Enquirer: 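Before we start, here is the structure in question, set down as structure tokens.
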Amino acid sequence: NAGVTQTPKFRILKIGQSMTLQCAQDMNHNYMYWYRQDPGMGLKLIYYSVGAGITDKGEVPNGYNVSRSTTEDFPLRLELAAPSQTSVYFCASSSRGSVDYGYTFGSGTRLTVV
Amino acid sequence: AQSVTQLGSHVSVSEGALVLLRCNYSSSVPPYLFWYVQYPNQGLQLLLKYTSAATLVKGINGFEAEFKKSETSFHLTKPSAHMSDAAEYFCAVTPGDGNKLVFGAGTILRVKS
């Protein structure tokens, strides 16, 4: 019962480098989300997806891209890393009835851009 | 647009004392409200949720919250704090379709022995 799996757990990037944060869920959830967490700011929604092939911007999408080719996977791409993207990134998923079950979160990816 | 405000970024209580974490929401439609807990270096876990059924909601680990429409509040309480309750707590709101949770800034709970 893996739930939501995020890789890597930690990463240090240099300014201008690119990387992909991986997120996979095995619960057959249609809805998937990417949040970033900064101290004292709570979680801010970056992108979300309501099903394979469908993605939409959240509150803070600039500097990021996503794709959703399968129900299971929802990778987050950083093309030109900037220090402002230093954060902890959480992936989450939910069934259509998320009101009943809430979101299932991954354990996070801690990214530092130097 | 929905939003939540958590009053107090840090709360400190003694072990055995009452825990009260405050959350106020703004929503133009009846909201669904959630409390999540985050232990150090972990993801968020659902503590409890309000989905327009009973206004007093009981969650895991002895926590409960009361939805008060007149006060637009959803405060989290626990009668007796335990050391293991030390964590960061997030209040969140969502529209009726259950998507796009909007989180508060979080409250770090410290429990003193």
Side-chain angles (χ1 to χ4, degrees), chain A residues 2-10 21 23-25 27 29-51 54-61 87-111, chain B residues 1-11 21 23-25 27 29-53 57 59-60 63 65 67 74 87-108:
Chain A
V4 177
T5 302
Q6 290 185 240
T7 56
K9 293 190 181 301
F10 304 94
L21 283 66
C23 175
Q25 53 92 8
M27 299 169 286
H29 285 172
N30 285 323
Y31 293 75
M32 297 188 73
Y33 310 85
W34 275 105
Y35 286 88
R36 59 176 287 171
Q37 182 182 26
D38 300 298
M41 302 293 290
L43 282 77
K44 302 294 185 185
L45 182 64
I46 305 171
Y47 272 94
Y48 68 102
S49 169
V50 300
I54 306 170
T55 62
D56 207 348
K57 296 178 180 178
E59 185 179 359
V60 289
S87 187
V88 181
Y89 292 84
F90 287 100
C91 179
S93 72
S94 68
S95 66
R96 181 62 182 88
S98 64
V99 168
D100 292 325
Y101 301 109
Y103 287 18
T104 299
F105 282 84
S107 58
T109 295
R110 187 175 297 274
L111 175 67
Chain B
Q2 292 85 8
S3 67
V4 288
T5 301
Q6 292 184 240
L7 299 177
S9 59
H10 292 79
V11 171
L21 304 181
C23 173
N24 288 89
Y25 69 91
S27 176
V29 298
Y32 294 126
L33 292 155
F34 303 79
W35 276 99
Y36 282 82
V37 60
Q38 184 182 33
Y39 298 103
N41 300 312
Q42 294 187 26
L44 279 71
Q45 303 173 31
L46 180 65
L47 262 183
L48 51 80
K49 61 185 187 290
Y50 166 74
T51 58
S52 72
V57 181
I60 62 173
F63 284 93
F67 174 73
F74 191 57
E88 188 163 16
Y89 293 80
F90 293 93
C91 184
V93 65
T94 188
D97 64 2
N99 290 319
K100 297 195 295 181
L101 275 177
V102 176
F103 287 87
T107 298
I108 295 173

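Atoms considered below: every heavy atom in the structure, side chains included; atoms not considered: hydrogens, waters and symmetry mates. Residue numbers begin at 1 in each chain, while the letters A, B, ... track the order of the sequences. Since the structure is predicted, the reported quantities are computational estimates derived from the model, not experimental observations.
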Enquirer: Are A/Tyr103 and B/Phe34 close enough that their ring centers fall under 6.0 Å?
Expert: no
Enquirer: So which part of B/Gln6 gets closer than 4.5 Å to some heavy atom of chain A, the side chain, the backbone, both or neither?
Expert: neither
Enquirer: Who are the salt bridge (charged side-chain N to carboxylate O under 4.0 Å, His left out) partners of A/Lys9, not counting sequence neighbours?
Expert: none
Enquirer: Heavy-atom distance under 4.5 Å to chain A: side chain of B/Gln38, backbone, both or neither?
Expert: side chain
Enquirer: Kindly determine whether A/Tyr33 and B/Leu101 satisfy side-chain contact (heavy atoms from CB on, under 4.5 Å), including the steps that lead there.
Expert: CA-CA 10 Å; A/Tyr33 310 85; B/Leu101 275 177; over 6 Å; no
Enquirer: Over all heavy atoms of both residues, which pair between B/Lys100 and A/Tyr35 is shortest? Give the atoms and the distance, please.
Expert: C-OH, 4.2 Å
Enquirer: I'd like to know which of A/Gly40, A/Ala92, A/Gly42, A/Gly58 tops the heavy-atom pair count under 4.5 Å against chain B.
Expert: A/Gly42
Enquirer: For A/Leu43, which atoms come within 4.5 Å of any heavy atom of chain B: side chain, backbone, both, or neither?
Expert: both
Enquirer: Looking at A/Gln37, A/Met41, A/Glu59, which one has more heavy-atom pairs under 4.5 Å with chain B than the rest?
Expert: A/Gln37
